[in-house]
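A, B, ... follow the sequence lines: proteins, then strands. Residue 1 opens every chain. FYI, side chains are in, hydrogens and waters are out, and symmetry mates aren't considered; it's all heavy atoms of this structure.
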Number of protein chains: 2
Amino acid sequence: MRHLLTVLLLLPVTLSAEEGMWTYNNFPSVAVQQKYGFTPTQNWLDKVRLSTVRLAQGCSASFVSPNGLVMTNHHCVSTCVQQLSTKEKNIHADGFYARQASEEKRCPDLEVNQLVEISTVTSRITKAVTGKSGEAYTKALNAEKAAIEEECAKGDDNTRCDVVSLYNGGVFDLYKYRRYQDVRLVFVPEFRIAFFGGDPDNFMFPRYDLDLGMVRVYDKGQPLPTPNHLKWSKAGTKEGELTFVAGNPGSTERLKTISELEYVRDFQLPNRLFSLYEFRGMLWQFQQRGEEQKRISNDDLFSVENSIKALKGEYEALVDKRFFAQKVDAERDLRKRVAANPKWQAEYGKVWDQVAQAMESQRAMYRKHTPLVRLARSELYQIAFTLVRATQELGKPGPERLPGYGDAALPQLKQGLFSEAPIHKEFEIEKLAQSLEKLREMLGPDDQAVKKILGKQSPREVAEKLVAGTSLETVASRKKLFDGGWSTVESSQDTMIAFARLVEPIERAYLLQEQKEIEPVLTRAGEALSKIRFAVFGSTVYPDATFSPRISYGSVQGWMENGRKIGPYTILGGAFERATGADPFRLPDSWLQKKDQLSLTTPFNFVTTNDIIGGNSGSPVFNRNAEVVGLIFDGNIHSLGGAFGFDEKMNRSVAVDSRGITETLTKIYGAERILKEIGAQ
Amino acid sequence: MRHLLTVLLLLPVTLSAEEGMWTYNNFPSVAVQQKYGFTPTQNWLDKVRLSTVRLAQGCSASFVSPNGLVMTNHHCVSTCVQQLSTKEKNIHADGFYARQASEEKRCPDLEVNQLVEISTVTSRITKAVTGKSGEAYTKALNAEKAAIEEECAKGDDNTRCDVVSLYNGGVFDLYKYRRYQDVRLVFVPEFRIAFFGGDPDNFMFPRYDLDLGMVRVYDKGQPLPTPNHLKWSKAGTKEGELTFVAGNPGSTERLKTISELEYVRDFQLPNRLFSLYEFRGMLWQFQQRGEEQKRISNDDLFSVENSIKALKGEYEALVDKRFFAQKVDAERDLRKRVAANPKWQAEYGKVWDQVAQAMESQRAMYRKHTPLVRLARSELYQIAFTLVRATQELGKPGPERLPGYGDAALPQLKQGLFSEAPIHKEFEIEKLAQSLEKLREMLGPDDQAVKKILGKQSPREVAEKLVAGTSLETVASRKKLFDGGWSTVESSQDTMIAFARLVEPIERAYLLQEQKEIEPVLTRAGEALSKIRFAVFGSTVYPDATFSPRISYGSVQGWMENGRKIGPYTILGGAFERATGADPFRLPDSWLQKKDQLSLTTPFNFVTTNDIIGGNSGSPVFNRNAEVVGLIFDGNIHSLGGAFGFDEKMNRSVAVDSRGITETLTKIYGAERILKEIGAQ
């Protein structure tokens with residue numbers, strides 16, 4: 001689940017005690033010492049950083065053995081699990097356990113990133129963009145980033161270098177990762193228990209989920225040695241105990257201005273939700289075609305339901321009048337402080353209005369651009385588009401390429417492009433037909449792009465022809481096109497490639513316009529706002545989340561809900577009490593059969609005050625000894641507004657308890673090999 | 001289409017020239033005289049009132065011959081057209097024309113209301129509620145309304161009496177209608193031309209639709225004599241010519257307070273849209289099951305797409321910052337005026353805060369209540385629910401019954417209940433399963449109502465069992481239950497009835513709570529606000545729309561769009577130019593075949609400045625001689641915010657031109673009988 005945390009942080013004049021997704025080079029060890037009597041040393045922080053990883057597709061994970069064994073969530077590897085499932089052997093439904101190393105199965109698309117070094121490149125970036133504005137600014141910024149990343153990676157595909165913009169452009173750091181693409185599936189339980197309670201219980205607590213996925217990183221065909229890893233805690237936690245969470249929170253908007261938040265509230269979020277709800281209605285009905293259709297669309301349905309619940313929670317935080325009024329007050333206060341200082345006023349006074357104006361342009365752009373982007377719900381289209389764009393971009397020097405096509409991104413791009421994951425044409429037609437219809441709806445039938453794309457045909461006719469006339473479902477034809485470069489792609493007769501050739505320049509024009517008119521204003525403004533904040537509040541500020549490694553501290557704690565205390569733990573027995581026999585409240589047969597052998601009072605799930613957000617899925621929860629006590633898989637319902645502010649009273653992260661994992665791996669799954677390896681036996 | 005008109009009316013300090021949906025007892029004849037040199041006399045107004053009718057299901061129409069022939073929109077009778085269609089003979093697709101009287105086919109559910117008398121009952125209502133508040137207030141109000149309506153109708157099913165609350169409770173008028181339920185289909189063209197351009201062109205202009213439906217009112221088995229009817233204009237209009245529109249605008253919210261508008265903007269509208277988008281996604285995919293499934297779900301899909309487009313337009317008006325700021329300013333101004341007058345302040349000063357508080361409760365109630373109401377997307381459930389509630393309510397004296405179950409509403413209720421319209425069980429299951437799943441999603445799996453309704457089963461299991469075990473698809477079993485009264489319904493073993501017995505008391509509890517906590521506050525506040533407005537602005541105010549007969553004036557006029565003039569007329573030839581051959585831009589074969597015989601320069605559709613809104617569909621456009629010059633079927637895109645305010649510069653009503661109707665009935669449909677009858681030949 002995307003973990004989204006709630007409400008109430010405004011400007012960090014005084015930070016909520018547990019608030020913050022801290023970078024490894026600015027961790028508030030003193031504050032932890034003051035509250036919990038434990039000082040995370042630099043050594044300790046380095047070990048944690050190297051023991052935890054990012055899944056490039058959007059999750060977090062950790063090494064839990066010396067042999068490259070990785071713990072994450074089932075829902076973080078569910079795409080792989082779907083891809084390895086077949087009509088005959090549905091491991092998504094039935095679970096998977098490699099009883100011996102040779103049974104571990106390679107995941108087509110997984111990439112693991114381990115952060116090995118952070119350095120600051122702010123001054124280099126600043127120098128490169130000084131005196132520039134508009135398109136020239138964006139170009140210079142992107143070129144300098146690309147140059148830094150290229151220098152860092154030195155053409156080594158096993159190294160990934162990202163220039164990360166922190167504090168909305170106030171600080172630029174270079175993150176150097178070790179990259180691994182040979183990742184193999186070791187264990188997942190049945191979907192029914194990984195996601196027990198389904199969408200209704202998603203983002204809720206009390207909770208009873210074994211949202212666990214184990215994979216292993218291989219290097220040169222052998223399990224990767226991982227001296228830096230987290231040990232296993234058999235003892236687990238006690239209520240009130242200090243906990244850390246290390247992972248990759250995806251994105252927060254806590255530092256955004258009011259005009260940006262209004263854009264999100266009144267335009268971006270509702271429109272995303274409209275689109276997602278309609279897509280979900282379609283998927284829900286598509287699943288009724290039969291068992292096979294259900295299987296092939298499960299992953300999309302899960303993802304869309306999860307997004308809806310998360311975004312709806314964000315939306316409800318923003319339409320909460322009291323919450324928004326606080327945000328408005330905080331901005332008014334900051335603007336007053338700036339206005340009271342003539343130097344500040346001269347330098348920064350106009351920044352809010354500039355952002356507001358950029359948001360107006362953004363709105364117009366979104367309407368034009370987004371329907372084109374949503375065509376990529378079709379995988380075949382997405383592949384075709386990537387081929388058309390990548391072969392053009394790769395013909396240019398790195399610094400001149402569009403973002404996402406630099407050398408740093410290439411291995412991940414290729415992995416996706418050449419993935420052996422099966423593509424289902426029947427499903428592709430539905431997704432493409434719907435996206436094309438929405439395209440016409442949003443742009444109108446008289447729009448030039450729509451006329452080019454649909455001609456005199458209906459969206460469905462176009463979708464059917466495109467899918468019928470493409471051979472992109474085979475990796476070989478993709479490879480041929482990619483290796484042939486733009487000249488091969490340009491002359492290809494493949495229907496989907498031809499279609500992507502038609503759409504790509506239209507999409508590119510919007511992208512370039514955004515880069516010219518909106519990005520420079522927002523980056524400049526972000527930089528200015530960040531300077532204002534440092535000037536006014538000092539350096540006790542953490543940056544908004546950027547899907548790069550962060551660490552947060554907190555403790556095991558329930559919360560008060562309408563005057564009633566919600567305790568921090570659930571137990572295994574609770575799952576049996578909640579079960580109804582009908583999905584999504586149906587337990588797997590393995591659980592029903594082994595119920596008698598389980599110690600039903602074993603802690604199963606628990607909550608902590610750690611500040612997390614979507615992207616933290618799969619993060620380990622660990623104690624001061626760097627021992628795994630849990631596995632983050634969700635946030636509570638109150639956490640959903642956390643995109644905009646953190647409320648320590650109500651926001652909770654939701655984790656699987658290490659004791660629940662040990663008990664079920666032992667008694668239900670007989671996963672001896674794993675238990676021994678992690679030292680849980 | 002629901003006709004929704006746009007932006008910019010705030011408080012009517014100075015009315016936009018053409019703004020207003022006027023009641024027949026407060027028409028601004030002087031203003032019309034001043035601008036157009038024509039004074040509508042009382043005689044003229046009476047004739048118009050008697051020549052125009054309301055379709056009780058939600059549209060407007062007019063008598064266009066002395067023999068009960070009624071002109072309205074195709075989309076106003078499309079439910080009937082669907083119901084009369086079969087797998088073998090799909091008149092929805094192919095159109096229908098009764099070449100002789102005996103071929104006219106009865107519509108199962110249509111009810112026509114002709115307004116024969118208006119009288120004011122404000123003082124009687126005021127007297128009944130004086131000194132009462134909360135539940136007692138609502139009960140007294142409803143009881144007095146019911147008593148007035150009963151006295152008026154005197155038990156005659158052919159008379160319908162409605163107490164209409166105008167100016168949000170400032171004025172109560174009694175509307176007495178003659179009711180007709182024997183309504184027969186005479187003519188509809190093919191769906192393809194009735195709704196040419198489909199959803200993409202809905203609410204757009206230029207436009208090319210023959211959205212025409214002709215029915216005939218019968219009385220005692222014979223065509224109803226209608227001496228009061230509108231004559232046909234062969235000449236049509238000229239640009240700038242004075243036009244009137246008489247019809248039944250459904251609902252506007254131009255007089256609402258800011259807290260009410262915020263509720264609509266941040267809560268009600270987005271949540272309705274979320275639900276509609278998801279329903280639409282489901283329907284869209286359901287249509288892919290096959291031709292038959294497409295046929296049976298077309299009406300639902302049309303309705304949901306139309307709602308989405310209309311509500312999205314309303315939503316966009318409300319999230320327009322400038323528009324909303326004007327509303328805020330206007331309210332601030334009014335509050336200042338009240339505060340400046342100590343007597344007013346004492347009497348009315350608190351009303352805005354009271355409304356704001358009621359809106360908070362409304363929000364909580366909506367979350368609980370709405371998912372139950374949406375179960376009625378299933379027709380079988382709706383029938384069961386009506387049987388359960390109606391048989392209980394009918395056992396009570398009229399004034400004690402819930403609204404909607406008074407004697408005035410009975411004939412319409414029975415017509416729906418005993419409708420011979422076919423019900424499709426396969427489709428019913430899908431709609432019910434989705435609604436049940438949404439119920440669980442909105443209330444949560446731990447909600448008591450959800451537990452009662454679903455038990456240990458999945459939403460789909462419940463839906464399948466309910467539909468399998470009911471016999472309510474036959475009118476005979478409904479009649480038996482209805483005639484047997486509550487004791488029969490109470491002991492019925494029919495699954496759907498049993499289910500409705502479970503849900504009905506839960507739904508009733510919410511309804512009663514609303515009646516107790518919210519309605520009295522809003523009605524009292526509406527009354528107070530209306531008094532304030534009369535005091536401040538005098539009586540040149542028209543009430544918000546209430547789906548009761550109104551008349552508006554305006555003229556044939558295009559508008560300026562981004563500096564470009566949109567002319568007021570389209571011509572028949574334009575439809576052929578716009579056609580692509582693929583739905584919804586495919587013309588019917590009859591048109592393609594007869595193209596050469598058509599005079600392609602004949603005006604087809606046109607726009608006027610008349611102030612209309614959803615409910616006006618099917619309204620005649622007529623000139624000062626009370627001759628039909630057009631047929632309203634839509635509003636332009638700018639008109640969509642008209643729910644909250646009218647902008648004469650941009651808002652346009654969209655109509656079929658009488659000349660386009662004459663030309664196509666003559667050349668394409670050879671509808672001699674109709675042409676003669678309306679005097680168009």
**Request:** Carefully, step by step, assess B/Lys312 and A/Asn271 under the rule side-chain contact (heavy atoms from CB on, under 4.5 Å).
**Result:** CA-CA 10 Å; B/Lys312 185 98 188 299; A/Asn271 280 290; 3.4 Å; yes
**Item:** Full working for salt bridge (charged side-chain N to carboxylate O under 4.0 Å, His left out) between A/Arg363 and B/Glu316
**Value:** CA-CA 12 Å; A/Arg363 205 177 279 235; B/Glu316 299 214 336; over 6 Å; no
**Asked** Where do B/Glu461 and A/Arg586 land on the salt bridge (charged side-chain N to carboxylate O under 4.0 Å, His left out) test, with the steps shown first?
**Response** CA-CA 14 Å; B/Glu461 283 168 347; A/Arg586 182 168 161 188; over 6 Å; no
**Message:** Quick one, A/Met282 with B/Met282, criterion side-chain contact (heavy atoms from CB on, under 4.5 Å). Give me CA distance, side-chain angles, the key distance, then yes/no.
**Reply:** CA-CA 5 Å; A/Met282 184 277 262; B/Met282 184 277 262; over 6 Å; no
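For the options B/Lys321, B/Glu441, B/Arg280, B/Arg265, heavy-atom pairs under 4.5 Å to chain A are most numerous at B/Arg280. Heavy-atom pairs under 4.5 Å with chain A peak, among B/Gln457, B/Glu437, B/Glu430, at B/Glu430. Of the listed residues A/Arg460, A/Met204, A/Glu262, the one with more heavy-atom pairs under 4.5 angstrom with chain B than any other is A/Arg460.
In this structure, A/Arg578 and B/Asp446 have side chains that are in contact, with non-hydrogen atoms separated by less than 4.5 Å. Side-chain contact between B/Arg440 and A/Asp199 is absent, with no heavy atoms from C-beta onward closer than 4.5 Å.
Looking at B/Lys438, the atoms closer than 4.5 Å to chain A (heavy atoms on both sides) all sit in the side chain, from C-beta outward. Contact annotation for A/Tyr315: only side-chain heavy atoms (C-beta onward) come within less than 4.5 Å of a heavy atom of chain B.
To the nearest 0.5 Å, the span separating CD on B/Glu278 from CD1 on A/Ile308 amounts to 6.0 Å. One finds the CG atom of B/Leu454 at 9.0 Å from the OG1 atom of A/Thr580 (value rounded to the nearest 0.5 Å). Summarising the geometry, atom OG belonging to A/Ser458 is positioned 11.5 Å from atom CZ belonging to B/Phe585; distances are rounded to the nearest 0.5 Å.
Under the ring pair (Phe, Tyr, Trp, His ring centres under 6.0 Å) criterion, B/Tyr263 pairs with B/Phe267, sequence neighbours left out. Residues passing the ring pair (Phe, Tyr, Trp, His ring centres under 6.0 Å) test with B/Phe191, sequence neighbours excluded: B/His92, B/Phe195. Considering only residues two or more places apart in sequence or on other chains, A/Tyr366 meets the side chain to side chain donor-acceptor pair (under 3.5 Å) condition with A/Arg374.
Judged by distance alone, the side chain of A/Lys456 and the main-chain N or O of B/Ala579 form a donor-acceptor pair under 3.5 Å.
Heavy-atom neighbours of chain A within the stretch residues 284-296 of chain B, taken at a separation under 4.5 angstrom, comprise B/Trp284, B/Gln285, B/Phe286, B/Gln288, B/Arg289.
In this pair, B/Tyr277 and A/Phe274 present their aromatic rings parallel. The plane angle is below 30°, not in the 30 to 60° band.
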